[in-house]
There are 2 protein chains.
Amino acid sequence: MRLSLMQKTIQKRTLKTRAKLIAASEEVIAKGGYEALRVEEVVQAAGVAKGTFFAHFRDKDALMEILIGEKLNACLTQAEGHGTPKTVPDLIEALEPVHQFMTSERYVFDLIIRYSGAAAVAEIGPIAYCFERYFRLVEAWMQTVDTRTDITPELLAEGVQAFAIQSMSLKYCALHSAQSFSDRLETYLKAWLTPAA
Amino acid sequence: MRLSLMQKTIQKRTLKTRAKLIAASEEVIAKGGYEALRVEEVVQAAGVAKGTFFAHFRDKDALMEILIGEKLNACLTQAEGHGTPKTVPDLIEALEPVHQFMTSERYVFDLIIRYSGAAAVAEIGPIAYCFERYFRLVEAWMQTVDTRTDITPELLAEGVQAFAIQSMSLKYCALHSAQSFSDRLETYLKAWLTPAA
DNA sequence: ATGCTAAAATGACCGCGGTCAATAATAAAT
DNA sequence: ATTTATTATTGACCGCGGTCATTTTAGCAT
């Protein structure tokens, strides 16, 4: 007999259904992008009922967090493989895949920003995890790039993140479309990492 | 007879209906906050049909932009009245009403971020306008605060904005709740405005 | 006053995310 | 193999934002 405090056993079919849902979602997204995804379309493609979807994911955003988080992680892995950058342009180039994906769709950018923070320490979501990973990566790089030394690498990295987000935001702002994303970020980071006065 | 190219005349009742809708919205928000606002509740309180709402506002977000933009403008006016700040803590104090309102509700913060950029130069929305105003205000202050001089006040102001947003974001992140909003922003701004190396 | 036309208001309707009581399938115990 | 307790699935249903063909009203011309 099972003890009352035992954790609920997960049936094999649960994993299969979940995999079907994820696969169907990726199919739908490959066809029309993230924004156009409809839960009804996903469950139809997966061959399950609508209620099943919400038994596997808290809501539509939770699925998006997983899918976008996966992609983001792949981009971060790619960035890590770039080799430690030595200059600001090099740093920007190394992070390019990440920034590229984050601004691939307005919907994606907004969702990432919305879930970039962990609502509770206990349950850090996929995207919050990616932000932490981005931060740690840049922090490590800060010791190889030739920067100012009056503040900690941690603070330097937080600043890089802040300026990267600012630059991405301005990509969607018609008032500041004179400069390209890379140029703007370069201006910011030079001023942040190597101040002259 | 009216000419075909004449602009459509606006009837008096249009203004009255719009005013009723705005007033009803403010009432509803005063009761339960921005997030809990339901269009159905607003139109019921205003005594009009649902379709009327959407004849006056493109969508629910458009109404929110107007209402939140109004509040933001009031906060900015208050900030302007504070007198030109001379130190970083003073700068933070001067901007406090603005930051306070922006983080009064998670829903409000997300909406502000989402509409902070003007989608098209032609149609700059209320919130994008406030961002521009915030930026100009800080830019002007940059000439009185004792800062580094190697970069333009414009760039300095953009950085202040970026760090303010970063600090507000982290307010909603349980992983970084050790520091308070003001302390974190102060750390950022000191490093940004008065680098030591 | 009356007729006419453009503007404004209406509410039934739709799309889509999300819920939940009922039902089916699974795995363990006998 | 049968029973039983638990987990997974189902689909009718709801809430709420948004649409649009139809109706009502305002304002001008006669």
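Convention: sequence-line order gives letters A, B, ...; per-chain numbering from 1. Remember, it's a predicted structure, so these values are computed and weren't measured experimentally.
- If you take CD of B:Gln11 and P of D:dT24, they are 16 Å apart, rounded to a whole angstrom.
- Around atom CD of B:Gln44, no more than 12 heavy atoms belonging to other residues, nucleotides or ligands sit under 6.0 Å away.
- Atom CD of A:Glu40 is separated from atom P of C:dG18 by 12 Å (rounded to the nearest Å).
- One atom, CD1 of B:Ile10, and another, C1' of D:dC28, lie 17 Å apart when rounded to the nearest Å.
- Residues that satisfy the side-chain hydrogen bond (donor to acceptor under 3.5 Å, both in side chains) test with A:Gln161, not counting sequence neighbours, are absent from this structure.
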Residues 14-35 of chain B side chain polar contacts: donor-acceptor under 3.5 Å, at least two apart:
| unit_1 | atom_1 | unit_2 | atom_2 | d |
| --- | --- | --- | --- | --- |
| B:Thr14 | OG1 | B:Gln11 | O | 3.2 |
| B:Thr17 | OG1 | B:Arg13 | O | 2.9 |
| B:Ser25 | OG | B:Leu21 | O | 2.7 |

Scan the side chains in residues 129-136 of chain B for donor-acceptor partners under 3.5 Å anywhere in the protein, sequence neighbours excluded, and list what turns up.
| unit_1 | atom_1 | unit_2 | atom_2 | d |
| --- | --- | --- | --- | --- |
| B:Glu132 | OE2 | B:Arg136 | NH2 | 3.2 |
| B:Arg133 | NE | B:Glu80 | OE2 | 3.4 |
| B:Arg133 | NH1 | B:Asn73 | O | 3.2 |
| B:Arg133 | NH1 | B:Asn73 | OD1 | 2.7 |
| B:Arg133 | NH2 | B:Thr77 | OG1 | 3.0 |
| B:Arg133 | NH2 | B:Glu80 | OE1 | 3.2 |
| B:Arg133 | NH2 | B:Glu80 | OE2 | 3.4 |
| B:Tyr134 | OH | B:His99 | NE2 | 2.8 |
| B:Arg136 | NH1 | B:Glu139 | OE1 | 3.0 |

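- In this structure, CD of B:Glu41 is placed 9 Å from P of D:dC16, rounded to the nearest angstrom.
- Evaluation of the ring pair (Phe, Tyr, Trp, His ring centres under 6.0 Å) rule for B:Phe57 yields B:Phe53 as partners, not counting sequence neighbours.
- Partners of B:Glu65 according to the side-chain hydrogen bond (donor to acceptor under 3.5 Å, both in side chains) rule, which considers only residues two or more places apart in sequence or in another chain, do not exist here.
- Between B:Lys60 and B:Lys12, it is B:Lys60 whose nearest contact on DNA chain D lies nearer the 5' terminus.
- Residues meeting the side-chain hydrogen bond (donor to acceptor under 3.5 Å, both in side chains) test with B:Asp90, sequence neighbours left out: none.
- B:Asp150 is linked by a salt bridge (Lys or Arg N to Asp or Glu O under 4.0 Å) to B:Arg148, counting only residues two or more places apart in sequence or in another chain.
- Less than 4.0 Å separates DNA chain C from at least one heavy atom of each of the following residues of residues 31-39 of chain A: A:Leu37, A:Arg38, A:Val39.
- Between B:Phe163 and A:Trp192, the gap from one ring centroid to the other is short of 6.0 Å.
- Near DNA chain C, defined here as any heavy-atom distance below 4.0 Å, the residues from residues 47-59 of chain B are B:Val48, B:Ala49, B:Gly51, B:Thr52, B:His56, listed numerically.
- Residue pairs meeting the salt bridge (charged side-chain N to carboxylate O under 4.0 Å, His left out) criterion with at least one partner in residues 173-189 of chain B, sequence neighbours excluded, are B:Glu186-B:Lys190.
- One atom, CD of B:Gln44, and another, P of D:dG15, lie 14 Å apart when rounded to the nearest Å.
- For the segment residues 13-30 of chain B, residues with any heavy atom less than 4.0 angstrom from an atom of DNA chain C are, sorted by number, B:Arg13, B:Thr14, B:Thr17.
- Applying the side-chain hydrogen bond (donor to acceptor under 3.5 Å, both in side chains) test to A:Thr103 and every residue at least two apart in sequence or in another chain returns A:Lys171.
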